[in-house]
Chemist: 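This is the structure I want to talk about, given as structure tokens.
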2 protein chains.
Amino acid sequence: MTEGVVERSRPRDRILETARDMFHKHGIKGVGVDAITEAAGTNKMTLYRHFESKDELIVECLRANALKAGAMWDAFEAEFPGDKLAQLHAWIRKAAAMLNADGRGCDMANAAAELTEPDHPARLVIKELKEAQRGRLVTLCRDAGIGQAELLADTLSLLFEGARVSVQTMGTEGPSAQFVRMAEGLIASFRGTSAG
Amino acid sequence: MTEGVVERSRPRDRILETARDMFHKHGIKGVGVDAITEAAGTNKMTLYRHFESKDELIVECLRANALKAGAMWDAFEAEFPGDKLAQLHAWIRKAAAMLNADGRGCDMANAAAELTEPDHPARLVIKELKEAQRGRLVTLCRDAGIGQAELLADTLSLLFEGARVSVQTMGTEGPSAQFVRMAEGLIASFRGTSAG
DNA sequence: TCTGGAAGTTACAGACCGGTAACACCCTAG
DNA sequence: CTAGGGTGTTACCGGTCTGTAACTTCCAGA
């Protein structure tokens with residue numbers, strides 16, 4: 001039994017948590033609602049009493065992911081209050097840790113790859129949440145006193161995004177193994193260029 | 001009719017070409033073999049006479065993609081014979097063009113996101129083909145006389161990979177819009193650092 | 001103790017999936 | 001002209017998918 005999520009919590013929470021985990025591991029189209037409810041220790045009817053469709057469940061899972069990511073940013077601020085540069089380096093370390101954590105990429109990126117219908121409800125929230133993440137990184141770079149904060153933030157974010165898909169295709173020993181070195185080099189380069 | 005691929009060629013070629021197009025647009029699990037054969041102007045039995053399973057068709061599509069990508073590299077060499085630096089810049093321009101071409105990312109990365117079974121036959125060829133691509137970029141950087149050619153090649157490749165997933169989630173106006181600037185900056189930075 | 005709502009159970013509908021069998025056709029090489 | 005291989009057609013198999021209906025069970029709160 002690979003359970004554990006089941007424990008004793010409200011069925012809705014168990015379904016959400018189980019779905020997040022299974023979508024992450026097997027992809028969205030690779031998991032049916034029956035499998036989710038069974039793994040969550042409940043049944044299909046209960047799922048459909050709490051979520052009006054699988055699509056809505058997907059959207060809620062993505063939002064839950066974003067909430068967890070947001071907590072990560074808050075943790076950086078708590079660990080290095082006021083020291084934006086230290087927080088930026090903490091982000092890099094955390095990102096590298098996520099690369100080695102498992103061979104699956106970003107859930108939102110994976111979802112976007114799977115859900116191709118241009119008007120799928122998940123596409124809207126993915127864009128919204130990704131833009132929020134980008135905003136946080138830009139703010140962090142700017143507050144760290146780095147010139148061209150937007151460009152650095154966008155470069156770092158593309159680098160990380162690329163590293164996450166690279167582990168999916170080439171494993172952790174591929175180009176993504178150099179992620180920390182690349183990111184640190186970029187920051188050093190941007191700090192040397194202007195402002196300080 | 002969005003046909004055109006149908007024309008008059010052997011059924012096998014039509015199936016392969018149609019499948020490549022549909023997998024790219026709608027994802028692998030988003031397309032059934034019935035839909036492929038119908039769009040290719042043939043039928044399911046003919047598909048299964050040429051491919052022993054959908055999985056094998058997927059693998060053949062990925063190989064066909066890699067062949068086309070290989071031709072692209074050859075075109076650079078033909079356009080700027082011997083001038084490796086010019087070829088590197090040509091790659092950047094081509095990459096940027098691909099970003100704006102359509103909102104779908106790299107077929108191999110998308111396939112890896114969808115086909116999560118660790119022993120899926122496609123995962124092997126994806127890794128193999130991605131490593132070949134990486135090898136070409138490393139060679140190009142090295143032959144262009146750039147110090148730390150591997151690191152530059154890996155950085156550029158992660159950046160591009162990230163840009164491709166970014167257009168899928170945030171569109172062409174997101175961070176990927178700065179791809180050329182980032183890539184050119186990286187090359188300049190690596191050329192200035194050492195060797196020349 | 002009674003009651004009402006949340007949750008579980010079973011069965012089902014309707015669609016789609018990958019894959020196969022059996023057979024009719026057509027076109028080309030000999 | 002004929003034989004045979006590639007192709008098309010139809011029907012089907014067993015399985016899975018999302019989503020629903022009808023009914024029962026359980027449990028907390030009044």
Side-chain angles (χ1 to χ4, degrees), chain A residues 1 3 5-23 25-62 110-111 114-117 119-123, chain B residues 1 3 5-23 25-62 110-111 114-117 119-123:
Chain A
M1 310 300 165
E3 315 288 337
V5 183
V6 178
E7 310 177 22
R8 269 321 98 182
S9 53
R10 321 262 285 292
R12 188 183 193 279
D13 298 336
R14 277 181 285 150
I15 290 170
L16 204 53
E17 207 61 19
T18 308
R20 282 210 314 140
D21 182 57
M22 295 183 75
F23 285 156
K25 285 184 188 149
H26 312 296
I28 290 175
K29 299 202 177 173
V31 178
V33 292
D34 269 319
I36 293 171
T37 55
E38 187 190 330
T42 175
N43 56 73
K44 198 157 48 168
M45 270 314 301
T46 299
L47 186 152
Y48 280 104
R49 283 188 194 109
H50 289 287
F51 306 93
E52 76 169 17
S53 66
K54 183 185 182 183
D55 282 349
E56 191 187 287
L57 174 62
I58 293 166
V59 167
E60 290 308 310
C61 286
L62 294 174
N110 288 345
E114 282 194 84
L115 310 173
T116 62
E117 308 101 273
D119 58 348
H120 192 289
R123 298 197 74 83
Chain B
M1 314 298 165
E3 313 291 339
V5 183
V6 178
E7 309 179 22
R8 268 322 99 182
S9 53
R10 322 274 272 295
R12 189 184 192 281
D13 298 337
R14 278 181 285 151
I15 290 170
L16 204 55
E17 206 63 19
T18 308
R20 280 210 314 140
D21 183 57
M22 296 183 75
F23 286 155
K25 285 185 189 150
H26 312 297
I28 290 175
K29 299 202 177 170
V31 178
V33 291
D34 269 319
I36 293 171
T37 54
E38 188 190 328
T42 176
N43 57 72
K44 199 157 46 169
M45 269 315 300
T46 300
L47 186 152
Y48 281 102
R49 285 189 194 109
H50 289 286
F51 306 92
E52 75 169 19
S53 67
K54 185 185 181 184
D55 281 350
E56 189 186 289
L57 175 62
I58 293 167
V59 168
E60 290 307 311
C61 285
L62 293 174
N110 288 345
E114 284 195 84
L115 310 174
T116 62
E117 309 102 275
D119 58 348
H120 192 289
R123 299 196 73 85

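All values below were derived from every heavy atom in this structure, side-chain atoms included, with hydrogens, water molecules and symmetry-related copies excluded.
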Chemist: Would you tell me if any nitrogen or oxygen in the side chain of B/His50 comes within less than 4.0 Å of OP1 or OP2 on D/dT7?
Modeler: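 Looking at the OP1 and OP2 atoms of D/dT7, one of them is under 4.0 Å from a side-chain N or O of B/His50.
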Chemist: Could you tell me the separation between the CD1 atom of B/Ile15 and the C1' atom of D/dG6, rounded to a whole number of Å?
Modeler: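 In whole Å, D/dG6 C1' and B/Ile15 CD1 are 12 Å from each other.
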Chemist: Donor-acceptor pair, distance only, cut-off 3.5 Å: does the side chain of B/Arg14 make one with the backbone of B/Thr42?
Modeler: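 A pair under 3.5 Å: no.
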Chemist: Are any protein N/O atoms closer than 3.5 Å to N/O atoms in nucleotides 22-26 of chain C? If there are, list each pair with its distance.
Modeler:
none

Chemist: Grab the N/O contacts between the protein and nucleotides 17-19 of chain C below 3.5 Å, and write none if there aren't any.
Modeler:
from	atom 1	to	atom 2	distance (Å)
C/dG18	OP1	B/Lys54	NZ	2.7
C/dG18	OP2	B/Val33	N	2.8
C/dG19	OP2	B/Tyr48	OH	2.6
C/dG19	OP2	B/Lys54	N	2.8
C/dG19	O5'	B/Tyr48	OH	3.4
C/dG19	N7	B/Lys44	NZ	3.0
C/dG19	O6	B/Lys44	NZ	2.4

Chemist: Would you mind reporting whether B/Glu17 and B/Asp21 have side-chain heavy atoms less than 4.5 Å apart?
Modeler: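 A side-chain contact is absent here, since even the closest heavy-atom pair is not under 4.5 Å.
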Chemist: Could you pull out all residues at least two apart from A/Asn43 that satisfy side chain to side chain contact (heavy atoms under 4.5 Å, CB included)?
Modeler: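 Listed in chain order: A/Met45, A/Thr46.
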Chemist: Quickly work out the B/Asp13 CG to D/dT7 P distance and round it to whole Å.
Modeler: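 My rounded result for the distance is 10 Å.
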Chemist: Could you state the atom-to-atom distance from CZ of B/Arg14 to C1' of D/dG6 in whole Å?
Modeler: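 Those two atoms, CZ and C1', are 12 Å apart.
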Chemist: Without decimals, in angstroms, what is the distance between A/Lys29 NZ and D/dT18 P?
Modeler: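 Rounding to the nearest Å, NZ of A/Lys29 and P of D/dT18 are 11 Å apart.
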Chemist: Rounded to the Å, how far apart are B/Ile36 CD1 and C/dC16 P?
Modeler: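 Taking CD1 of B/Ile36 and P of C/dC16, I get 16 Å after rounding.
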Chemist: Figure out the NE2/P separation between A/His26 and D/dC17, and round it to whole Å.
Modeler: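 It is 12 Å, rounded to the nearest whole Å.
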Chemist: Output the distance between atom CG (A/Leu47) and atom OG1 (A/Thr37), rounded to the nearest 0.5 Å.
Modeler: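 Reported value, rounded in 0.5 Å steps: 6.5 Å.
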Chemist: Quick one: is D/dG8 close enough that its OP1 or OP2 comes under 4.0 Å of any side-chain N or O from B/Thr42?
Modeler: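 Checking D/dG8 against B/Thr42, a side-chain N or O does come within under 4.0 Å of OP1 or OP2.
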Chemist: How long is the straight-line distance from NZ of A/Lys29 back to NZ of B/Lys29, given to the nearest 0.5 Å?
Modeler: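 The NZ atom of A/Lys29 is 9.5 Å from NZ of B/Lys29, to the nearest 0.5 Å.
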Chemist: C/dG8 P sits how many Å from A/Arg10 CZ, rounded?
Modeler: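 Computing the A/Arg10:CZ to C/dG8:P distance gives 13 Å.
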Chemist: How long is the span from the OG1 atom in B/Thr116 to the CD1 atom in A/Ile28, to the nearest 0.5 Å?
Modeler: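 Here the interatomic distance stands at 12.0 Å.
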Chemist: Return the CZ to CG distance between A/Arg123 and A/Leu115, rounded to the nearest 0.5 Å.
Modeler: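 Here the rounded value is 7.5 Å.
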Chemist: What distance separates A/Met22 CE from A/Cys61 SG, expressed to the nearest 0.5 Å?
Modeler: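 A/Met22 CE to A/Cys61 SG: 11.0 Å, rounded to 0.5 Å.
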Chemist: Return no unless some side-chain N or O of A/Thr46 is found under 4.0 Å from OP1 or OP2 of C/dG8.
Modeler: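 Yes, A/Thr46 has a side-chain N/O under 4.0 Å of OP1/OP2 on C/dG8.
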Chemist: Measure the distance from CG on A/Asn43 to P on D/dC23 and round it to the nearest whole Å.
Modeler: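 To the nearest whole Å, that distance equals 18 Å.
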Chemist: State, with a plain yes or no, whether a side-chain heavy atom of B/Phe23 is found less than 4.5 Å away from one of B/Leu62.
Modeler: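 The answer is no, as the side chains (C-beta and beyond) never meet within the 4.5 Å cut-off.
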